[in-house]
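Data block below; observations after.
No experiment lies behind these values; they were computed from the predicted model shown.
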Amino acid sequence: SLARDQVGAPYRYGGSSPSGFDCSGLVQYVYGKLGVSLPRKSRDMAGVGHRVSLHELLPGDLVFFRINKRRVSHVGIYVGNNEFVHATKSGHPVRQDDITNQWWQEGFVVGRRIF
């Protein structure tokens, strides 16, 4: 619910507060509210917690994607029912998307369970 509360917040490169988020800033903010400290960059976050497959995801798991051919360059928070919350890019607010969408399935790298 903490992630969903941020849907509609503006995108801001390097942002980590409700006044503006980038993808890893959003994750850092939400997990920080739960008392969990995470690395700042998505590629560093991808090494934290326990690995889970796309079909094992539970609400609160982190989902990592390959964008622009890099290994891990995007992160979101899985919220259940094949949906995840993330900050995408400039001009687009934080939003909830369907992880079964072909674009996201093809870019999916790994899920990580922190709790």
Do [X] and [Y] touch side chain to side chain, with heavy atoms closer than 4.5 Å?
{"X": "Lys41", "Y": "Pro39", "value": "no"}
{"X": "Arg4", "Y": "Val85", "value": "yes"}
{"X": "Glu83", "Y": "Ile99", "value": "no"}
{"X": "Ser24", "Y": "Val75", "value": "yes"}
{"X": "Val94", "Y": "His86", "value": "no"}
{"X": "Asp5", "Y": "Val7", "value": "no"}
{"X": "Phe64", "Y": "Arg112", "value": "yes"}

Closest non-hydrogen atom pair, [X] against [Y]:
{"X": "Leu26", "Y": "Gln6", "answer": "CD1-CB, 3.8 Å"}
{"X": "Asp44", "Y": "Val48", "answer": "O-CG2, 3.9 Å"}
{"X": "Gly8", "Y": "Pro93", "answer": "O-CB, 3.5 Å"}
{"X": "Ala87", "Y": "Cys23", "answer": "O-CB, 3.4 Å"}
{"X": "Pro10", "Y": "Ser19", "answer": "CG-O, 3.2 Å"}
{"X": "Trp104", "Y": "Arg95", "answer": "CZ2-NH2, 4.4 Å"}

(message) Taking Asp61 first and then Arg51, would you say they form a salt bridge - that is, a charged N and a carboxylate O separated by under 4.0 Å?
(response) no
Using modelled atom types only, decide if a donor and an acceptor are shared between the side chain of [X] and the backbone of [Y] within a distance under 3.5 Å.
{"X": "Glu106", "Y": "Trp103", "result": "no"}
{"X": "Arg66", "Y": "His74", "result": "no"}
{"X": "Arg40", "Y": "Met45", "result": "no"}
{"X": "Ser73", "Y": "Ile67", "result": "yes"}

Could you state whether [X] and [Y] fall into the same hydrophobic cluster, counting links through intermediate Ile, Leu, Val, Met, Phe, Trp or Tyr residues with side-chain heavy atoms under 4.5 angstrom apart?
{"X": "Val63", "Y": "Val79", "answer": "no"}
{"X": "Leu38", "Y": "Val109", "answer": "yes"}
{"X": "Phe65", "Y": "Val52", "answer": "yes"}
{"X": "Val27", "Y": "Val110", "answer": "yes"}
{"X": "Leu62", "Y": "Leu57", "answer": "no"}

(request) May I ask you to check whether Phe108 and Phe84 place their ring centres under 6.0 Å from each other? (result)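 For Phe84 and Phe108, the ring centres are not under 6.0 Å apart.
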(request) Kindly check if the number of other-residue, nucleotide or ligand heavy atoms within 6.0 Å of CZ (Arg12) is above 12? (result)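 More than 12 within 6.0 Å, yes.
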(message) Can you tell me how far apart CD (Gln96) and CG (Asn82) are? Round to the nearest 0.5 Å.
(response)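 The distance works out to 11.0 Å.
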(request) May I have all residue pairs that pass ring pair (Phe, Tyr, Trp, His ring centres under 6.0 Å) and include part of residues 1-28, sequence neighbours excluded? (result) Phe21-Tyr29
(message) Using 30° and 60° as the class boundaries, would you call the ring planes of Tyr31 and Phe115 parallel, tilted or perpendicular?
(response)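 It falls in the parallel class, under 30°.
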